Amino acid sequence: MRPTVKGRIAIFHPQGFLDGNNAPSFLTIDDIKATESLNIDMLLVSLKKVIFFNKNGLDVFIRLLDSIRSHKHIAVGLCDYDSAKFATINKFYGSTLTFSLFRTEKIAELFVPSNKNDSKTVLLYNEDASQRSAMAIELFDYGHNPVIAQSKKEFEEKKQSPDLYYAIIEETYLGLFGQKIATRVTGNAIIYTIANFLDAEITDTFNIAYHNNSLNVGFRLFIFDAYKVVSMNIHALNFFTKLASSAAEYNASICFVGLTFEKTPQSFKNDLEDAGIMFFDQMEDILKNKELLQELGGSSSSSSKQIRTLTKALINELPGFIDATVSTIAMMTNAQAVKESMNIQTLEIKNAANQYASSIGFYGDLDGMIILIFPKDIAKKACSLLIGEDSEDEEAILDSLAEFVNIIGGRAKALLGEKKNRVDITLPRTYADVNSLLEMAQNKKGVQVNLRFEGSNFIFFLTR
Amino acid sequence: MVTQEQILLYIQNIPPAPFVVKQTLDYVRVGDLTKAAKCAEEDPALKLYLRTLVNRPIYGFRNEVSDLSQIFSILGISTAQQILYNYLMTLLAPKEWGLFNLSSQAFYDLQASLSRKWAKILTHLNLLNHDNESAITLLPASIIVCDALFGEYKSEVEQLRSVKALDYNTILHRLTKMSLFDICTEIALKWEISPSISRIVHASSGLDQELAANDKILAQWMHLLLFYELSQSTYVSAGLNEFVEFQIEFVQEIYESFMQVVEYDETNG
């Protein structure tokens, strides 16, 4: 069994009965290897479709989760259970619980970085005050707004108004968490929260793959929320200067907010400034200053000053990328998309309103970005296999569009792999408003392919 | 991926039930087991199937039973009908499985295990009759159909499943508006299997609405039995755990009784 990957979370979905006799059959050596190689922040086992489990059965999965957690520093645990299953898990593991428990997949998603700029208000309660605080801190660091009930009574009262909250977090437990640096998105800026003493361990806890993803999908401003940093040593200094040099290639800005130099040598600040890192006292100094934000690349209207041009190697792969797109559409709809025209140009969209867009980047031996722009009804048709029932829910359609480009990205990666080009793909990004995509890509030259599907046109755009 | 045209072609290509099997079934239905045995003698493949099956450990006979009339009288009307339907299913089963990592032996074992436990369930429910007992034989047809339709799309399904936990039945229904269970109904029609059988099997998907009381009970038990079997190591390894979606709410109310009837040992493993 392979896990399903959504954003930065991978989830196993076993069904039926799970005991010590059958559980090993769910995970072949190939499955374990494939899971270990995933670029994720959280690995979970969903108990939604498991009607019976015993400890021996769960242990098989827990052993895999523990092993992956220890060498990949990611969060692991179980999700999608009801109250009875939660009680059983606690009975099995009690105080030795090292993994996390998330009542639903939706709750788990709140504890990992995404590239969406959506702060959620959530109601939170846990009998254990330390768990309550730990969850609140994590949620806050990931950019959410936790409303913490201090007592069961308060929780039950607040629970009466579920519409006020994106999620109600109960029967959830944070085990040995991933120890990754928390990440959130504000506007077009990525904010990393760092704390305590920074040393060589930062190379493990900082999610470099996510950072590279963000650079590749067009983020240009990275802010380190360093209010809680006490000090740093030379290893951390080296790490940040290297990060600054790689950001410079993308014309991206790195800023530190709230870092004091009482216990950190002042010379470190000079070195970091020489590397291009900027320092601010307050987060508002950046986020509320529109001009500065635009200057730093954190405004949606900013675009890279350094235009990355198309390469011959990338153009050579174009037929493969188009084929990956067309064949994915054929797979998902049993209908054919036909190429109508192709030009090297900047992105040009007629009737930007009423369209959805999604993009996925790839980097490694080759780098670039695939952008797809669909009329809304065509996007819905293209994703109907993933959405299921006729949904008007924009978030569900955009989520499916992200899954859709993820498949295309996966196919493109496999295609390049066949030619010995090793690449990684970024998280997909979706745009409900195509204008924000146009602002990001306005000066980028690329190959625009106009395709026709079910009587409407849609655009495939390959750029760097 | 799979299209409606492919499904229609598949249904069109389902061979009719062989004459000898049909006639044997007719004799069994009217309770004439002697004539049924005589008729079955004319089909060497059927004869071999019955002999091999009845002498498998799962049936628990100490001495080898080889005479067909003896086999039919041991089996009785209901079980004989059930086994003849199982035989029909094996005619539909592929020699080489493409999608699932199954062997013919593992498939026979699945049929036998389902049949045995289904008989226990019907006894517990006090709903034992010829058609109810035979209903379970049509269920594995869904596995055969799934393998036939998706065998050549294995990598496409893997790609889909890498982003969303979709089962084969859901994928098929979303693509073609036909489910694996709809196709089972078509097979039943072609083989003149009683409509009450195909109705129960269709309902065992756990997705049918407005079921008659008895049909619902049988469908619930059949759905849970299917997932009980598909949770066995052999079938998990074969990839069968993911072929249809387990409707846990549909079976929740019978779960406790089911565990007692199948004598499930909760400390397993």
Side-chain angles (χ1 to χ4, degrees), chain A residues 1-6 10-28 34 38 46-57 59-60 82 105 327-328 330-334 384-389 399-400 402-411 414 428, chain B residues 1-6 101 153 155-167 170-176 223-252 254-256 258-259 262 264-269:
Chain A
M1 165 170 283
R2 299 283 165 98
T4 297
V5 182
K6 186 180 177 193
I11 307 182
F12 287 107
H13 293 90
Q15 299 198 100
F17 295 72
L18 195 62
D19 58 36
N21 285 337
N22 71 355
S25 316
F26 281 100
L27 298 169
T28 63
L38 290 172
S46 168
L47 298 178
K48 192 175 186 174
K49 300 283 177 184
V50 175
I51 198 161
F52 170 83
F53 60 86
N54 63 15
K55 187 166 185 295
N56 291 342
D59 276 348
V60 171
D82 55 19
E105 196 181 318
S327 63
T328 303
M331 173 179 93
M332 307 264 272
T333 63
N334 277 334
S384 59
L385 178 57
L386 295 167
I387 303 172
E389 70 279 4
D399 274 354
S400 298
E403 288 159 357
F404 181 81
V405 287
N406 216 359
I407 295 177
I408 294 176
R411 286 191 165 201
Chain B
M1 226 184 329
V2 185
T3 62
Q4 263 178 349
E5 290 71 32
Q6 271 175 288
N101 189 19
Y153 302 110
S155 66
E156 281 90 340
V157 175
E158 271 169 19
Q159 281 171 347
L160 262 182
R161 289 185 56 85
S162 71
V163 300
K164 194 145 198 164
L166 291 173
D167 59 287
T170 305
I171 296 172
L172 187 70
H173 192 257
R174 288 186 185 171
L175 281 172
T176 66
H223 188 73
L224 189 50
L225 174 60
L226 177 67
F227 272 91
Y228 176 78
E229 286 300 332
L230 298 189
S231 298
Q232 306 301 316
S233 288
T234 311
Y235 309 117
V236 170
S237 302
L240 281 170
N241 193 261
E242 301 160 3
F243 106 104
V244 292
E245 187 180 5
F246 183 31
Q247 305 295 331
I248 204 163
E249 293 81 14
F250 181 61
V251 298
Q252 201 72 60
I254 60 152
Y255 167 70
E256 296 289 343
F258 178 89
M259 297 295 261
V262 297
Y264 185 75
D265 177 4
E266 298 201 354
T267 58
N268 252 350

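This structure is a prediction, so every number in the text was calculated from the model and none was measured. Just so we're on the same page: letters track the sequence lines, and every chain starts at 1.
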Residue pair [X] / [Y]: nearest heavy atoms and the distance that separates them:
X	Y	value
A:G16	B:S231	CA-OG, 3.6 Å
A:Q15	B:E242	NE2-CA, 4.1 Å
B:N241	A:M1	OD1-CE, 4.2 Å
A:K48	B:I248	O-CD1, 3.6 Å
B:L175	A:M332	CD2-O, 3.8 Å

Proximal component of [X], with respect to chain A [non-hydrogen, under 4.5 Å]:
X	value
B:Y228	both
B:T3	both
B:L166	side chain
B:V157	neither

Parallel, tilted or perpendicular: which one describes the rings of A:F52 and B:Y264, with boundaries at 30° and 60°?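 The arrangement is perpendicular - the two ring planes meet at more than 60°.
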Determine yes or no for a side-chain-to-main-chain donor-acceptor pair under 3.5 angstrom, with A:N22 supplying the side chain and B:Q232 the backbone. no
Any donor-acceptor pair under 3.5 Å linking the side chain of A:S384 with the backbone of B:R174?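 No; judged by distance alone, with no hydrogens or angles, the pair does not exist.
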Can you measure from [atom1] ([X]) to [atom2] ([Y]) and round to the nearest 0.5 angstrom?
X	Y	atom1	atom2	value
B:M1	A:T333	CE	OG1	10.0 Å
A:E403	B:K164	CD	NZ	4.5 Å
A:I408	B:Q159	CD1	CD	10.5 Å

Evaluate the side-chain contact (heavy atoms from CB on, under 4.5 Å) criterion for residues A:R2 and B:R161: first the C-alpha distance (whole Å), next the side-chain angles of each, then the deciding distance (0.1 Å), finally the verdict. CA-CA 8 Å; A:R2 299 283 165 98; B:R161 289 185 56 85; over 6 Å; no
Given B:E245 and A:K49, is the salt bridge (Lys or Arg N to Asp or Glu O under 4.0 Å) satisfied, shown in steps? CA-CA 8 Å; B:E245 187 180 5; A:K49 300 283 177 184; 2.8 Å; yes
Chain B interface, residue from A:T328, A:N406, A:V50, A:L386 that has the most non-hydrogen pairs under 4.5 Å: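 With the most close heavy-atom pairs to chain B, the winner is A:L386.
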Using side-chain heavy atoms (C-beta onward) and a distance below 4.5 Å, is B:F246 in contact with A:H13? no
Considering only heavy atoms and a distance below 4.5 Å, find which of B:T176, B:L160, B:T170 pairs most often with chain A.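 Answer, by heavy-atom pair count under 4.5 Å with chain A: B:L160.
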